[in-house]
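Predicted model only: the values in this text are computed from it and were never measured.
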Amino acid sequence: MNKKPSKSFAQELDRYITPFRYDGSGKFHLKDHKTDEKGDLDKEKALVLLDANKKRLIEFQEKLYAQDRWSLLIVFQAMDAGGKDSAIKAIFEGINPQGCEVTAFKAPSSKELDHDFLWRHAIALPERGHIGIFNRSHYEECLVTRVHPEILAKEKLPPKLVTKNIWKERFEDISAFERYLCRNGTVVLKFFLNVSREEQRERFLERLEDPAKQWKFSMDDIKERALWPRYQAVYQDIVRHTATSHAPWYVVPADHKWFARVVIGSVINAALEKLDLRFPRADKASLEEFEQVRKALEKEGTGGKKQAK
């Protein structure tokens with residue numbers, strides 16, 4: 001009797017991936033995506049899965065780095081207090097820092113404003129064998145600049161290029177940019193941490209009450225919170241127009257941080273498993289040389305022991 005083939009790691013994790021994936025096919029409405037989803041998990045079960053995902057990710061990253069062929073770009077977008085920083089810290093704990101870089105994009109510098117809007121993101125891309133994490137990303141150029149037109153005015157674009165079509169054009173440019181990356185061996189994973197306004201309020205209050213977290217709070221956070229409906233509408237537009245089969249969006253329920261981390265970790269591990277990563281194998285000539293070196297080292301060790309006697 002033939003045994004059924006065992007499920008791959010990616011298949012086991014699928015229930016934490018597919019429900020939150022949008023690749024541009026069909027309609028997308030942000031309001032249809034729950035922010036407090038927990039799947040079939042409670043926090044205790046989630047922590048077990050998080051630990052398994054973390055160990056698996058460490059193994060994948062070692063092979064990714066050694067193979068030196070693929071690279072992984074992970075994009076995080078969220079409203080303030082959406083959980084980006086803590087997710088990065090929790091999911092990538094134990095990863096070899098030599099093969100992983102986190103870039104947090106703040107307000108552009110004067111030098112960055114003298115370049116095209118994708119320039120500072122392009123120079124921060126991960127090299128082959130590396131994982132690059134964008135804490136906020138090129139999508140800010142279709143988000144904050146759209147909510148705050150005065151920021152767009154500082155980008156020194158020729159006035160004739162700032163038309164009603166500029167956002168459509170930027171969506172096209174970003175999609176082409178991500179397609180180019182995928183065609184050159186960079187896997188692009190994009191996460192929107194979908195937090196509710198009520199949960200954001202609770203997290204702001206927690207920051208205000210905890211001296212160890214007060215440094216995270218800014219009065220600008222409250223100003224941006226007042227623009228919540230506008231931000232939600234723009235995020236919906238971004239996901240609708242830039243989700244593709246090669247670079248889909250994952251709309252992650254983020255009210256429960258532990259569940260958000262399960263989704264993110266599962267997506268990352270499943271994507272890496274599909275790359276069939278392996279440690280490079282030495283060729284026959286190298287193996288013969290290794291054997292000679294091994295024998296020489298063993299002989300050297302034997303001689304050293306005799307001298308010690």
task: Could you check if a side-chain atom of Phe204 sits within less than 4.5 angstrom of a side-chain atom of Asp80, using non-hydrogen atoms only?
output: yes
message: Is it true that Arg120 and Thr103 share a donor-acceptor pair across their side chains at a distance under 3.5 Å?
response: no
- request: State whether the side chain of Glu155 and the backbone N or O of Leu157 hold a donor-acceptor pair below 3.5 Å, judged by distance alone.
  value: no
- request: For Asn53 and Tyr16, test the side chains for any donor-to-acceptor distance below 3.5 angstrom and give the result as yes or no.
  value: no
query: Quick one: does Lys63's side chain have a donor or acceptor within less than 3.5 Å of a partner on Pro280's backbone?
result: no
field: Student check: side-chain heavy atoms of Arg170 and Glu141 closer than 4.5 Å
entry: yes
task: Test Arg261 against Ser86 for side-chain hydrogen bond (donor to acceptor under 3.5 Å, both in side chains), laying out the working first.
output: CA-CA 9 Å; Arg261 294 167 190 174; Ser86 59; 3.1 Å; yes
message: For the backbone of Phe217 and the side chain of Asp221, can you confirm whether one donor and one acceptor N or O come within less than 3.5 Å of each other?
response: no
query: Taking atom CG of Leu189 and atom CZ of Arg21, what is their separation to the nearest 0.5 Å?
result: 10.0 Å
message: Rounded at 0.5 Å granularity, tell me how far CD1 in Ile238 sits from SG in Cys142.
response: 5.5 Å
task: Check whether the side chains of Thr35 and Asn194 place a donor and an acceptor atom closer than 3.5 Å, and report yes or no.
output: no
task: Give the C-alpha distance, both sets of side-chain angles, the deciding distance and a yes or no for salt bridge (Lys or Arg N to Asp or Glu O under 4.0 Å) between Arg278 and Asp276.
output: CA-CA 6 Å; Arg278 300 174 185 272; Asp276 194 27; 3.2 Å; yes
- request: Could you walk me through whether Phe191 and Tyr250 pass ring pair (Phe, Tyr, Trp, His ring centres under 6.0 Å), step by step?
  value: CA-CA 5 Å; Phe191 299 99; Tyr250 293 89; 5.6 Å; yes
message: With ring-ring contact (aromatic ring centres under 6.0 Å, His included) as the test, pick out the partner of His138 among Phe117, Phe105, Phe177, Phe171.
response: Phe177
- request: Take Lys54 and Ile91 through the test side-chain contact (heavy atoms from CB on, under 4.5 Å) and record every step on the way to the result.
  value: CA-CA 6 Å; Lys54 192 182 300 182; Ile91 293 167; over 6 Å; no
field: Glu298/Lys295 salt bridge by N-O under 4.0 Å criterion
entry: no
field: Member of Tyr139, Tyr235, Trp249 meeting the ring-ring contact (aromatic ring centres under 6.0 Å, His included) criterion with Phe192
entry: Tyr235
query: Looking at Phe76, is Arg136 sitting on its ring face, NZ or CZ under 6.0 Å from the six-membered ring centre and within 45 degrees of the normal?
result: no
query: Do Gln77 and Glu140 meet the criterion of a side-chain donor-acceptor pair at a distance under 3.5 Å?
result: yes
task: For Glu37 and Pro253, indicate whether the former's side chain and the latter's backbone hold a donor-acceptor pair under 3.5 Å.
output: no
message: Less than 4.0 angstrom from a charged side-chain N to a carboxylate O is my criterion; do Lys55 and Asp51 meet it?
response: yes
- prompt: Would you call Leu72 and Pro126 a side-chain contact if the rule is heavy atoms closer than 4.5 Å?
  reply: no
query: Are the side chain of Gln61 and the backbone N or O of Asn96 linked by a donor-acceptor pair below 3.5 Å?
result: yes
- request: Verify the distance criterion only: is there a donor paired with an acceptor across the side chains of His29 and Arg240 at less than 3.5 Å?
  value: yes
- prompt: Between Lys156 and Asp114, is there a salt bridge with N-O shorter than 4.0 Å?
  reply: yes
message: Distance check, rounded to the nearest 0.5 Å: Asp85 atom CG versus Lys216 atom NZ?
response: 6.0 Å
- request: Quick one: do Phe60 and Trp70 satisfy ring pair (Phe, Tyr, Trp, His ring centres under 6.0 Å)? Show the steps, please.
  value: CA-CA 12 Å; Phe60 279 135; Trp70 295 94; over 10 Å; no
Side-chain heavy-atom pair Asp40, Arg15 within 4.5 angstrom cut-off: yes
- prompt: Are more than 12 heavy atoms from other residues, nucleotides or ligands located less than 6.0 Å from atom CZ of Arg294?
  reply: yes
query: Does any non-hydrogen side-chain atom of Gln232 lie less than 4.5 Å from one of Arg197?
result: no
message: Using the rule given for side-chain hydrogen bond (donor to acceptor under 3.5 Å, both in side chains), can you reason through Asp23 versus Ser245, listing the C-alpha separation, both sets of side-chain angles and the distance that settles it, and then say yes or no?
response: CA-CA 5 Å; Asp23 64 2; Ser245 58; over 6 Å; no
- request: Mind running ring pair (Phe, Tyr, Trp, His ring centres under 6.0 Å) on Phe28 and His33 for me, showing each step along the way?
  value: CA-CA 9 Å; Phe28 176 80; His33 292 257; 5.0 Å; yes
- prompt: Are the side chain of Gln67 and the backbone of Leu64 linked by a donor-acceptor contact shorter than 3.5 Å?
  reply: no
field: Pair Lys168 + Glu172, salt bridge at N-O below 4.0 Å
entry: yes
query: Looking at side-chain heavy atoms only, is the closest gap between Val75 and Ser137 below 4.5 Å?
result: yes
task: Give, for atom NE2 of His256 and atom NZ of Lys38, the distance between the pair rounded to the nearest 0.5 Å.
output: 4.5 Å
task: Would you please classify the geometry between the His121 ring and the Phe134 ring as parallel, tilted or perpendicular, with 30° and 60° separating the classes?
output: tilted
message: Can you confirm whether the side chains of Thr186 and Ser71 place a donor and an acceptor under 3.5 Å from each other?
response: yes
query: Between the side chain of Asn269 and the main-chain N/O of Gly265, is any donor-acceptor distance below 3.5 Å?
result: yes
task: Taking the side chain as every heavy atom from C-beta outward, state whether Gln98 and His130 have any pair of such atoms under 4.5 Å apart.
output: no
SB check Glu199 Arg203 (cutoff 4.0 Å): yes
- request: Would you give the length of the straight line joining atom CD of Glu44 to atom CG of Leu49, rounded to the nearest 0.5 angstrom?
  value: 13.0 Å
message: Would Trp119 and Lys111 count as a side-chain contact (heavy atoms from CB on, under 4.5 Å) here? Give the steps.
response: CA-CA 10 Å; Trp119 179 80; Lys111 180 175 182 178; 4.1 Å; yes
query: Do Trp167 side-chain atoms and Lys164 backbone N/O form a donor-acceptor pair below 3.5 Å?
result: no
- prompt: Hey, mind stepping through Asp32 and Lys27 against salt bridge (Lys or Arg N to Asp or Glu O under 4.0 Å) and telling me if it holds?
  reply: CA-CA 10 Å; Asp32 293 337; Lys27 295 181 180 179; over 6 Å; no
message: Could you tell me if the side chain of Leu181 sits less than 4.5 Å from the side chain of Val187, heavy atoms only?
response: no
